[in-house]
S.K.: 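Attaching a single structure in structure tokens format; questions to follow.
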Number of protein chains: 2
Amino acid sequence: MAKRNFSSKRKAIYEALCSTDSHPSARWIYDKLKPDIPDLSLGTVYRNIALFKEEGKAQVICSLNSEERLDGNVTPHPHFICTCCNSVFDIGNDNSDSGIASELSERGFSVESRYILYYGICPDCKNKNIH
Amino acid sequence: MAKRNFSSKRKAIYEALCSTDSHPSARWIYDKLKPDIPDLSLGTVYRNIALFKEEGKAQVICSLNSEERLDGNVTPHPHFICTCCNSVFDIGNDNSDSGIASELSERGFSVESRYILYYGICPDCKNKNIH
DNA sequence: TCAAAATCAGTAATGATTATCATCTTTGAC
DNA sequence: GTCAAAGATGATAATCATTACTGATTTTGA
């Protein structure tokens, strides 16, 4: 791992990422920090997110409206994505495997990680559509 | 569903999508068809893929190198993605659920579909790296 | 056969992400 | 503290997949 300087902006970006369970996009983080850090640049947000990914401190959950949605919680856990409002929710733990991982290693694949995504309508959107 | 004309290009695009298990991108389909259909336009490929998605005849599996990877097989089934060569593989059936879907409906979510992605190294890339 | 509707090719526009580069910070030795 | 090297940043331009637009072409059904 390359040597990294301590940077207050890097710290702020990481804290913003970890401060929310909204699974934000780069722009969301930028918009959140910009009022307090007026000279923050969107490129810096992207650059630091790329570093966090390399370091295993952030993961991409999915891409919605062609925007990557991120998670600072890198513990494997399933997500629910609302196809109506594009919210991303954490859901319970990921403890099932159904033998697929072992089937994969028997076939010569090295499994590094697993993502489980549920798509559907979230409670809020369901309620809004009852008119 | 809007009325649709029969179009030979639409048919060719759909057949190309279904003819492979490589989970192609729009450009892959375009490049495959272009020699036989010289006046095919990339926009037409995108336009028809968008229609197939609406009709439920195609699904997006993931986004690799910022390219959407598609599947004409809309039966739910897990995929394995090689982080080395970006190949996408079909893997066995999706028959486990570990009670997450029922937990979700209890919490008010309507689940429409589920995607399971495994990331890792495929057999080919593993062999190539043994030097 | 023919006009309306649907589709297309070609091209321009969009928008997220990345690259560039000159400037500013951080670091660690002194 | 001082200072130079390494690292990080802001501002801007470039990239590239995807979408929108428009006038021409094809399909359809009467």
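Keep in mind that this is a model prediction, so the values were computed, not measured. The analysis underlying the following values was restricted to heavy atoms, covering all of them including side chains, and did not include hydrogens, waters or symmetry mates. Just so we're on the same page: letters track the sequence lines, and every chain starts at 1.
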S.K.: Across the strands shown, which category fits Arg47(A) at heavy-atom distances under 4.0 angstrom: base, sugar-phosphate, nothing?
M.R.: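 Base contact - Arg47(A) has a heavy atom under 4.0 Å of at least one base atom.
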S.K.: Are Ser7(A) and Asn5(A) linked by a side-chain donor-acceptor pair shorter than 3.5 Å?
M.R.: no
S.K.: Would you kindly give the CG-to-C1' distance between Leu40(B) and dT7(C), to the nearest whole Å?
M.R.: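 Spelled out: CG on Leu40(B) to C1' on dT7(C) is 12 Å.
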S.K.: Using atom CG of Asp39(A) as one end and atom C1' of dT23(C) as the other, report the distance to the nearest whole Å.
M.R.: 12 Å
S.K.: Compare the minimum distances between each of dC8(C), dA9(C), dT18(D) and the side chain of Arg10(B), then state the nucleotide with the smallest one.
M.R.: dC8(C)
S.K.: Given atom CG of Asn65(A) and atom C1' of dT14(C), what is their separation to the nearest angstrom?
M.R.: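 These atoms are roughly 13 Å apart.
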S.K.: Let me know, please, whether Asn5(B) or Thr44(B) comes out on the 5' side of the other along DNA chain C by nearest nucleotide.
M.R.: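 The answer here is Asn5(B).
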S.K.: Would you tell me if any nitrogen or oxygen in the side chain of Ser7(A) comes within less than 4.0 Å of OP1 or OP2 on dT9(D)?
M.R.: yes
S.K.: Measure from CZ on Arg27(A) to P on dG15(C) and round the result to the nearest Å.
M.R.: 10 Å
S.K.: Treating Lys53(B) as the side-chain partner and Val60(B) as the backbone partner, does any N or O pair qualify as donor plus acceptor under 3.5 Å?
M.R.: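 Between the backbone of Val60(B) and the side chain of Lys53(B) there is no qualifying donor-acceptor contact (under 3.5 Å).
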S.K.: Side chain of Ser66(A): nearest nucleotide among dG10(D), dA16(C), dA17(D)?
M.R.: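 That would be dA16(C).
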S.K.: Need one value for Phe6(A): base, sugar-phosphate or nothing, where a base atom within 4.0 Å counts as base even if backbone is also close, heavy atoms only.
M.R.: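 Phe6(A): backbone/sugar contact only, no base atoms under 4.0 Å.
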S.K.: Could you tell me if the side chain of Ile81(A) sits less than 4.5 Å from the side chain of Ser87(A), heavy atoms only?
M.R.: no
S.K.: Out of dA17(D), dT9(D), dT17(C), which nucleotide sits closest to the side chain of Tyr46(B)?
M.R.: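 Out of dA17(D), dT9(D), dT17(C), the nucleotide with an atom closest to Tyr46(B)'s side chain is dA17(D).
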S.K.: What about the rings of Tyr118(A) and Phe109(B), do their centers lie closer together than 6.0 Å?
M.R.: no
S.K.: A side-chain contact here means heavy atoms from C-beta on lying under 4.5 Å apart; do Ile37(A) and Lys9(A) qualify?
M.R.: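 Yes, close enough: below the 4.5 Å cut-off.
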S.K.: For Leu42(B) and dA17(D), give me the distance from atom CG to atom P, rounded to whole Å.
M.R.: 9 Å
S.K.: What integer distance in Å separates Lys9(A):NZ from dG10(D):C1'?
M.R.: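 These atoms are roughly 7 Å apart.
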S.K.: For DNA chain D, whose closest nucleotide is more 5', that of Gly43(A) or that of Ile13(A)?
M.R.: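 Taking each residue's closest nucleotide, the earlier one in sequence belongs to Ile13(A).
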S.K.: Check the distance between dT9(D)'s P and Lys34(A)'s NZ and give it to me in whole angstrom.
M.R.: 13 Å
S.K.: Could you give the CG-to-P distance, from Leu33(B) to dA9(C), as a whole number of Å?
M.R.: 11 Å
